[in-house]
Amino acid sequence: MKYLYFPGCSLKGTGKAYEESLLAVFRALGVELKEIEDWNCCGATAYMSVDETKSYALAGRNLAIAEREGLDVIAPCSACYLVLNKTQKNLQDHADIRRKVVAALKTAGLDYKGTVRVRHPLDVLINDVGLDAIAQRIQAPLKGHKFAPYYGCQIVRPYATFDDQDDPVTMDRIIKAAGADCVTYPLKTRCCGGSLTGTVPEAGLRLAYILLKEAKKRGAEAVVTVCPLCQFNLDGYQDQIARKYEALDLPVVYFTQILGLAMGLPAAGLGMQRGIVSADAVLAGR
Amino acid sequence: MSKPMEQGAGAGFEPRIVAFFCNWCTYTAADLAGVSRLKYAPNVRVIRVMCSGRVDPQFVMEAFAKGADGVLLGGCHPGDCHYAEGNYKTLRRMRMLERMLKDMGIADGRFRLEWISGAEGDKVKSVVNDMVAKVRALGPLDLPGKFAEWDKEIEELEHQISAQPAKEAVHAR
Amino acid sequence: MADNNGNKPQPIGLPRIGFYVCHCGSNIAGTIDVAEVAQFVAGLPGVVVSRDYKYMCSDPGQEMIAQDIKEHKLDRLVVAACSPNLHEETFRKAAAKGGLNSFLFQMVNIREHASWVHEDKKAATAKAKGLARAAVYRVRFHKPLEKQQVPVDPNVLVVGGGIAGIHAALTLANAGKKVTLVEREATIGGHMALFDKTFPTLDCAACILTPKMSAVKSHPNITLWTYSEVAKVDGYVGNYKVTVKRKPRYVKEDLCVGCMECIDACVFKEPKFTDQFNQGLGKRKPVYIDFPQATPKVVLIDPQSCIQLKTGKCKKSCAEACDRDAIDFTQKEETRELQVGAIVLATGFQAFDAKKEPRYGYGRYPGVYTALEIERLVNASGPTSGEVVLRDGRHPKSVGIIHCVGSRDAKTNKWCSRVCCMYSLKLAHLIQEHSGAEVYNFYIDMRAPGKAYEEFYDKLLSEGVHFIRGRVSEVTDWAMTPEEEGKLVLRVEDTLAGFVRRIPVDMVVLATGLEPKADAQEVRRRFNIGCGNEGFFQERHPKLAPVNTFTDGIFIAGACQAPRDIPDTVAQAGAAAAEALVLIDAGHVELEPNTSHVVEEECCGCKSCVPLCPYGAITFDEAKKKASINEVLCKGCGVCAAACPSGSIRQNLFEDEEIFSEIEGVLAK
Amino acid sequence: MPLAQKIKYEAERDQDFARWVIAQSGGENLRHCIQCGVCSATCPLSLYMDYTPRRLINLAREGFKKEVLSSLTIWLCASCYACRVECPKEIQVTDIMYALKRRAIQDGVYPRRFPIPVLAKEFGRMIFTWGRVNETLLVIDLFLRTNWFRFLSMTGLGFNLMRTGRMSFMPDSIRRRGELRKILAALDGENKAEVAK
């Protein structure tokens, strides 16, 4: 199994732990990831507010470079995943956008035919690797641990390709495969505030607070996430949340970290030390 | 919104399409399109038959021969035929006809078989518009014109042959 | 009116054609230059008279045709107007009135197929001309034909025993017709039998329904077959042959008197199986009766839960308890055949499955109910005897009713289900009356268009029920405030106030919409009728033929055609019964003479046609080595005519020459 | 309390603006809105908005351009797509919000020191320069342009990020920056041609 890997800016910055754990887990599962050569920022949610066609062109350059390799692309960051998929879909559906973007790509010697498939690591783990193969690799099941599976918005919305829009379950299944339990978490697809937490903290903090508080109330010892921005918002702002609302002290980890731990990979190699709220509780008993 | 058909003589090619619609589904759907005031291209002339199964492939050939640029055949969805299974017979016949048309050099897209139920007025609109656009892109078929040309060629050939001394004709054989 | 003709002399051998083009007010003339069409047709060979007129279908219009036929010795008639589905009969009659055979006439559809669907006047006029020319070319090949008359069987089949079927059956039976009423469930009554009260009068549903149910049972003209389904329908208008499957009840219907001793005697001391009639809120035994007024009042045994039927090893205490020996474990499914002239379909609707809207938590939160469940909860004869009590035994202090669940939503059902606003008002009233709870209605638009409906809404407003205009986004159990703890929280924009509200309640009622029955497609195929895109049965005309279908002799009534309430359903059932009576009392039907026949001299005896006919109308005469068509069995599809290699099969009204000339006509330049 | 007139006159409506919104990709279904408010109800940020998403949709449909483009609502949308998924009329609310943000930036009517449009623009500049985004530099830049005072309150977070090795002051860059610029510049030509039309 071989895929192209689109890390995106966050996984090289604040989301380092996501990259570290993802690469470690996939390597251990025998899945080869090849980083897309000279990839650029996908444009995220911000660029769409500036220029629509250019934001498709930004993502389009990555798709064009990826297309040469003829492999599926794995985009772990939710924003990248959505932007690349949305670009793919709009280039397919709107001849006008396709014409402009492809013409622009051609000025730089690139071309895009529209054949790239953009996948999420959850999709690949469940549908390509398979839960059976994962189960065979579990060496240190996280027995007795309870987590809140938090999907956030942009991987199930607006396109539900590999999971249910209202009640996604793929991460739940992976957490269970890791030997842990999931708390019933009705907020699993509610927005974390995205980039608003940085720009309008009074709005963003409240959203993060609600998510954390409810997870804690339902007995989760950590929130498990699939997105670097969700992780950043829920993890990085907890001291401000403590000042404004209450101290929650709830670790926020990536699903790849949980899976890596259960597979017996060393905690440091999974970036476990990078949580601002210490994830020691998750490591307890190991 | 449909494109106006006549933009002045010779300004643009306007396809002429003959349609055979079955009375129970597609003809009713076209009625519904009318009652719903849907607007579509005016290039199609509908001939009503009771069942798409009444359409003899010869009707289609005749339409092309008489100058149609396209022929559309509309019947009930499979399983919904008012006469139980007439449309299955249509399907079989028309698959064969399609192969023949291809061999005769009549392009794909000039003949089209569509299942349109009595409730699908909007499908009449989309199928007609789509077919008109595609046939417009294909350009005129003009079989009558071609027939005339061929007739002329053959006439000339005959003329040549009959004008030649009999000896050479034998030799040529 | 333009008259582009005069009595011009026609060469010998040409027909004398009269052509008429209708303005239809501005419906046609607004888009098509009718005078130009008339003038154009006047120049075609054989046309003696060519006129345009404001309304051809009006009396003066028809009179004009009849006059012209006589005066100008017309022998063919062409009318360009609306769809033949609407007025072909009208003009055939006009022809006959003038002394012309009705079938020497051809209609041209320039309204539905031209003026209404095109905007470019020039193109629409050109199209009208082409279609008119085709009809003129074609009509010269028409031959005089006669309609065949066949007698109509006076018996009627009514399918579905809800209020629609009950009312239709009683109406027909009271008119002296023999009716068979076939119902799939064990009792008639349908959805109405589930209700406690009906809006807007709040009269008791059982009080108005059960007398009609017993009237069905006791009516000498009605045969009631419950627990039965129509398996097959053959034949044609006036002469349908229907096959009905009667499922085994394991109880002899003629012997059982409904004393229910057997139920008491059942080896299961306590009821422990899901009671479908009570929407799963109650339990029943393997031997049961849906409700005390079930009609027929006959018990039945569920083979899925009865020990005797499952294993053959039960002491059969039920059978012992029955002093009439009505219980019969050996009963098998029976097949019966019926001969009827007309069929009324009243197969009803199904409620939207609330699980398809997971955000409302049905099936996940026990405090979430469907409207039908609440109908049973507030019903005095329901599982709680009318007490509004939650699944966990608590009494709700606050109740939220969410409208439009599975209605007005592109992801589920696009249509408005038409009854939910009113039944939600009714349930709000009943819940408040039975429990004293605070009731909130969450609606998008309040739809109360009916006699005394707005007044009913006004009554609810005065009763202090809350009305919040907004579609609820989710029902959830996470609390933001102490008051929300342990409650179901509804999140909604109060669109009239302009802000979002969170409202905690104990009970949520989902006002599920009405949708076609799951097997509506199979049923409509069985009866050879159509369905609209949304899956409800298709009426022949939305305004002028609302209970007719495209298959003559089959009528529809009630919510199988579209969502509707009880008053409208009953009115429609009456209309369907009346239409059936019209057909039956005429005593005979005239069949369209578009049948096929074999021209014997031309038949080569290849037998290609024989297997093609779905009605078995074609036989092969081995002595003569020729095919022959039974015109009574032929339904006029023309499949055989298209297949005949020697061209010896001709279909009346659709002969090869007629269609070839039509092709020539539309394409001529 | 000062009295303010709330009445609107027909002359204040801009029908072209409504048509412009409908013409944007995602704007197709705008006219189908039945004002049920499920977008507002499902929106996690509607509680801060001056107009709920539902009201904004109606204002846009009716052509109240000034109210729409100067609203906070469009800038508070976090693009979580919940409204789009819930909408019973399949209106692509999120994409409409994007279109309105673009228009507000283009028309220069967004609140000057409001951080969100500034972030969007800075984000764009950084991509144009480097091809990638360095979150640390972006945030610093943002606060310097909007409210440097708030930056001080963020030092705790900055310290934490540094402590856990998640912060970098070196701009990350792609190698072929010229290639990316060429692509974006080519679209500038496109856009100009469009305006000329």
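Here is how names work: the chains are called A, B, and so on, in the same order as the sequence lines, proteins then strands, and each is numbered from 1. Note that the coordinates shown come from a computational prediction; the quantities given were computed from them, not determined experimentally.
The backbone N or O of B:Gly79 lies less than 3.5 Å from a partner atom in the side chain of C:Arg525, making a donor-acceptor pair. Under a 3.5 Å cut-off, the side chain of C:His113 and the backbone N or O of B:Gly34 do not form any donor-acceptor pair. Between the side chain of B:Lys39 and the backbone N or O of C:Trp116 there is at least one donor-acceptor pair closer than 3.5 Å. Counting only distance, with no hydrogens or angles, the side chain of B:Arg45 and the backbone of C:Gly130 share no donor-acceptor pair below 3.5 Å. Side chain of C:Lys127 to backbone of B:Val44: a donor-acceptor contact under 3.5 angstrom is found.
The choice from B:Asn23, B:Thr28, B:Val18, B:Ile47 that makes the most heavy-atom pairs within less than 4.5 Å of chain C is B:Ile47. Interface summary for chain C: among B:Ala63, B:Cys25, B:Ala84, the most heavy-atom pairs under 4.5 angstrom belong to B:Ala63. Interface summary for chain B: among C:Gly638, C:Ala641, C:Cys531, C:Ala642, the most heavy-atom pairs under 4.5 angstrom belong to C:Ala642. Annotation: maximal heavy-atom pairing with chain C below 4.5 Å, among B:Val46, B:Asp122, B:Leu32, B:Thr90, occurs at B:Val46.
Using a 4.5 Å cut-off between heavy atoms, B:Lys66 contacts chain C through both its backbone and its side chain. When heavy atoms are compared at a cutoff of 4.5 Å, B:Tyr27 approaches chain C by way of both its backbone and its side chain. In this structure, chain C has a heavy atom under 4.5 Å from the backbone of B:Cys81, while its side chain stays farther away. With a 4.5 angstrom heavy-atom cutoff, C:Ala114 does not touch chain B via any of its atoms. Of the atoms belonging to B:Val124, not a single heavy atom falls under 4.5 Å from chain C. Both the backbone and the side chain of C:Glu662 come within less than 4.5 Å of a heavy atom of chain B. With a 4.5 angstrom heavy-atom cutoff, B:Arg48 touches chain C via backbone and side-chain atoms both.
Here OH of B:Tyr88 is found 15.5 Å from CG of C:Leu612. Values are rounded to the nearest 0.5 Å. Separating the CD1 atom in C:Ile529 from the CH2 atom in B:Trp24 is a distance of 13.0 Å, to the nearest 0.5 Å. Interatomic distance, CE of B:Met50 versus CG of C:Asn594, reported as 4.5 Å (0.5 Å rounding).
Using a cut-off of 4.0 Å between Lys/Arg side-chain N and Asp/Glu carboxylate O, B:Arg37 and C:Glu119 are scored as not salt-bridged. Here B:Arg54 pairs with C:Asp656 in a salt bridge; the nearest charged N to carboxylate O distance falls below 4.0 Å.
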If you look only at distance, which donor and acceptor atoms sit under 3.5 Å apart when one is on a side chain in residues 99-111 of chain B and the other is two or more places apart or in another chain?
| from | atom 1 | to | atom 2 | distance (Å) |
| --- | --- | --- | --- | --- |
| B:Arg110 | NH1 | B:Asp69 | O | 2.9 |
| B:Arg110 | NH1 | B:Gly139 | O | 3.1 |
| B:Arg110 | NH2 | B:Gly139 | O | 2.8 |

Between side-chain atoms of residues 629-637 of chain C and protein atoms elsewhere (two or more places apart, or another chain), which donor-acceptor pairs fall under 3.5 Å?
| from | atom 1 | to | atom 2 | distance (Å) |
| --- | --- | --- | --- | --- |
| C:Asn630 | OD1 | C:Val632 | N | 2.9 |
| C:Glu631 | OE1 | C:Thr595 | OG1 | 3.3 |
| C:Lys635 | NZ | C:Gly235 | O | 2.9 |

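The aromatic rings of B:Phe59 and C:Phe660 stand perpendicular to each other, their planes meeting at an angle above 60°, with 30° marking the opposite boundary.
For residues 79-86 of chain C, heavy-atom neighbours of chain B at less than 4.5 Å comprise C:Ser83, C:Pro84, C:Asn85, sorted by residue number. Within residues 142-160 of chain B, no residue has any heavy atom closer than 4.5 Å to a heavy atom of chain C.
The minimum heavy-atom distance linking B:Val49 with C:Phe654 is given by the pair CA-CE2, 3.8 Å. Between B:Pro42 and C:His118, the shortest heavy-atom distance links the atoms CA-CE1, 3.3 Å.
Around NZ of C:Lys147, the count of heavy atoms belonging to other residues, nucleotides or ligands within 6.0 Å exceeds 12.
Here the options are C:Arg111, C:His541, C:Glu112, the test is side chain to side chain contact (heavy atoms under 4.5 Å, CB included), and the partner is B:Asp31; only C:Glu112 passes.
Contact annotation: the side chain of C:Val639 never approaches that of B:Glu85 to less than 4.5 Å [non-hydrogen atoms, C-beta and beyond].
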